[in-house]
Amino acid sequence: MKLGFDFYDRRAVQVARDLLGQVLVHERAGGRVAARIVETEAYIGPEDLACHASKGRTARTEVLFGPPGTAYVFLVYGMHHCFNAVVEPEGVGAAVLVRGVEPVEGIAATVRTDGPGRVCKAMAIDLSQNRTSLLGEGPLWVEAAPRPAARRIVRGPRIGVDYAKEWADRPYRFWVKDSPGVSRPSSLMLPRRNA
DNA sequence: CTACAGATCTAT
DNA sequence: TAGATCTGTAGC
């Protein structure tokens with residue numbers, strides 16, 4: 001069953017942690033694509049300098065202030081899409097970014113799904129899903145699934161938000177320990193093993 | 001109006 | 001380590 005209003009209508013950090021293990025589904029003409037969420041980041045509101053809502057209400061960020069359970073998709077670096085779920089009560093500009101998934105259905109095993117850009121590419125998510133509801137009959141939703149054991153959930157600072165001053169160090173990133181769907185900063189990339 | 005940097009990824 | 005490639009936002 002789909003995660004509903006009450007799931008998203010909570011603190012961003014809580015939703016980010018609870019989204020781990022849940023299954024993101026995109027149903028479209030070409031068929032259904034589904035993947036298990038293994039990495040998320042919370043962007044907690046306008047006071048959070050890493051959150052797009054810190055820019056105030058603009059054409060781009062307006063959706064963040066809307067009802068929880070809405071898709072927020074944006075384009076970064078002119079080529080990569082990032083998928084978020086709007087969270088917290090209406091009026092609070094907050095969201096949870098999905099940074100990594102593991103294929104469940106409709107994604108070739110060879111396709112990489114670690115990193116927010118790759119998640120959207122693998123799941124065919126783009127700006128056409130921006131502002132669509134995750135709660136009703138829209139093309140995107142999150143299916144409830146068993147959560148990972150608490151001891152398999154790891155927490156740390158968000159990626160790529162160094163400009164956000166003290167907010168950059170806040171531990172708002174959550175991921176499932178040892179999952180291949182979890183992204184790693186290039187500076188920490190391990191050398192490729194051929195053995 | 002122009003300039004610039006960004007919640008990234010890939011190839012060199 | 002830099003280039004792709006586009007848009008919101010700031011600055012003039």
Side-chain angles (χ1 to χ4, degrees), chain A residues 8 11-17 19-20 24 35 37-66 68 70-88 92-103 107-108 110-131 134 140 142 154-176 179-194:
Chain A
Y8 300 101
R11 306 307 303 265
V13 167
Q14 191 80 25
V15 177
R17 197 190 60 196
L19 271 176
L20 296 179
L24 178 61
I37 297 170
V38 295
E39 182 182 1
T40 59
E41 280 177 359
Y43 289 83
I44 73 168
E47 70 276 25
D48 175 3
L49 294 182
C51 183
H52 289 169
S54 66
K55 300 293 186 182
R57 288 180 182 249
T58 67
R60 183 203 208 188
T61 66
E62 183 62 32
V63 60
L64 288 169
F65 296 88
T70 305
Y72 169 45
V73 183
F74 66 90
L75 190 61
V76 256
Y77 302 107
M79 43 173 48
H80 302 297
H81 297 279
C82 292
F83 167 78
N84 304 249
V86 173
V87 300
E88 305 252 4
V92 180
V96 173
L97 170 71
V98 174
R99 288 191 57 91
V101 298
E102 291 175 359
I107 301 175
T110 52
V111 173
R112 286 185 65 178
T113 55
D114 59 310
R118 294 193 192 102
V119 167
C120 287
K121 183 161 185 280
M123 300 198 68
I125 294 170
D126 58 35
L127 290 178
S128 63
Q129 285 85 43
N130 190 29
R131 298 168 179 266
L134 304 173
L140 278 178
V142 182
V154 195
R155 180 177 187 172
R158 296 172 293 189
I159 305 294
V161 295
D162 291 346
Y163 60 87
K165 301 179 180 174
E166 70 273 16
W167 291 90
D169 300 322
R170 300 277 188 117
Y172 292 164
R173 174 176 174 240
F174 296 86
W175 66 98
V176 177
S179 168
V182 174
S183 67
R184 290 161 297 170
S186 54
S187 60
L188 297 178
M189 284 270 206
L190 297 170
R192 177 175 266 240
R193 263 175 234 198
N194 287 325

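To find a chain, count down the sequence lines: A is the first, B the second, and so on, and within it residues start at 1. Predicted model only: the values in this text are computed from it and were never measured.
In this structure, CH2 of A:W167 is placed 16 Å from P of B:dA7, rounded to the nearest angstrom. Atom pair A:Y163:OH and C:dA10:P shows a separation of 13 Å (rounding to whole Å applied). When rounded to the nearest whole Å, the span between CZ of A:R118 and P of B:dA11 equals 10 Å. For the pair A:Y72 OH and C:dT7 P, the interatomic distance rounds to 14 Å; values are reported in whole Å. Atom pair A:L64:CG and B:dA7:P shows a separation of 12 Å (rounding to whole Å applied). Atom pair A:H81:NE2 and B:dT8:C1' shows a separation of 12 Å (rounding to whole Å applied). When the C1' atom of B:dA7 is taken as reference, atom CZ of A:R60 falls 9 Å away, rounded to whole Å. Residue A:R57 contributes atom CZ, which lies 18 Å from atom P of C:dG8 at whole-angstrom precision.
With centres under 5.5 Å and a plane angle under 30°, the ring of A:Y43 is stacked against the base of B:dA7.
Between A:L127 and A:M79, the one whose closest nucleotide on DNA chain C sits nearer the 5' end is A:M79.
Nucleotide B:dA3 is matched to C:dT9 when pairs are restricted to Watson-Crick or G-U wobble geometry with both distances under 3.5 angstrom.
Across B:dT8, B:dG6, B:dT10, the shortest atom-to-atom separation from the side chain of A:P116 is found for B:dT8. When distances run from any side-chain atom of A:L75 to the nucleotides B:dC9, B:dA7, C:dC6, the shortest one goes to C:dC6. Side-chain proximity of A:R112 to B:dA7, B:dT10, B:dT8: nearest is B:dT10. Between C:dT9, B:dA7, B:dT10, one nucleotide has an atom nearer to the side chain of A:T58 than all others, and that is C:dT9.
Comparing C:dT5 with B:dA3, their C1' atoms sit 16 Å apart, to the nearest whole Å. Annotation: C:dT1 and B:dA7 have their P atoms spaced 23 Å apart (nearest Å).
The main-chain N or O of A:G56 is found under 3.5 Å from a side-chain atom of A:T61 such that the two form a donor-acceptor pair.
A:F65 places a side-chain heavy atom less than 4.5 Å from the side chain of A:P46. Counting heavy atoms from C-beta on, the side chains of A:V13 and A:F174 come closer than 4.5 Å.
A:H52 and A:Y72 have perpendicular rings, their planes meeting at more than 60° on a 0 to 90° scale where under 30° would count as parallel.
The shortest distance between the side-chain N/O atoms of A:R173 and the OP1/OP2 oxygens of B:dA7 is not below 4.0 Å. Regarding contacts with the backbone of B:dA7, a side-chain N or O of A:H52 is found under 4.0 angstrom from either OP1 or OP2.
In this structure, A:R11 places its CZ atom where only 12 or fewer heavy-atom neighbours from other residues, nucleotides or ligands lie under 6.0 Å away.
At the heavy-atom level, A:R99 lies under 4.0 Å from the strands shown only through sugar-phosphate atoms. Nucleic acid contact class of A:K121 (heavy atoms, under 4.0 Å, all strands): none.
In this structure, a donor-acceptor pair under 3.5 Å is absent between the side chains of A:E39 and A:S179.
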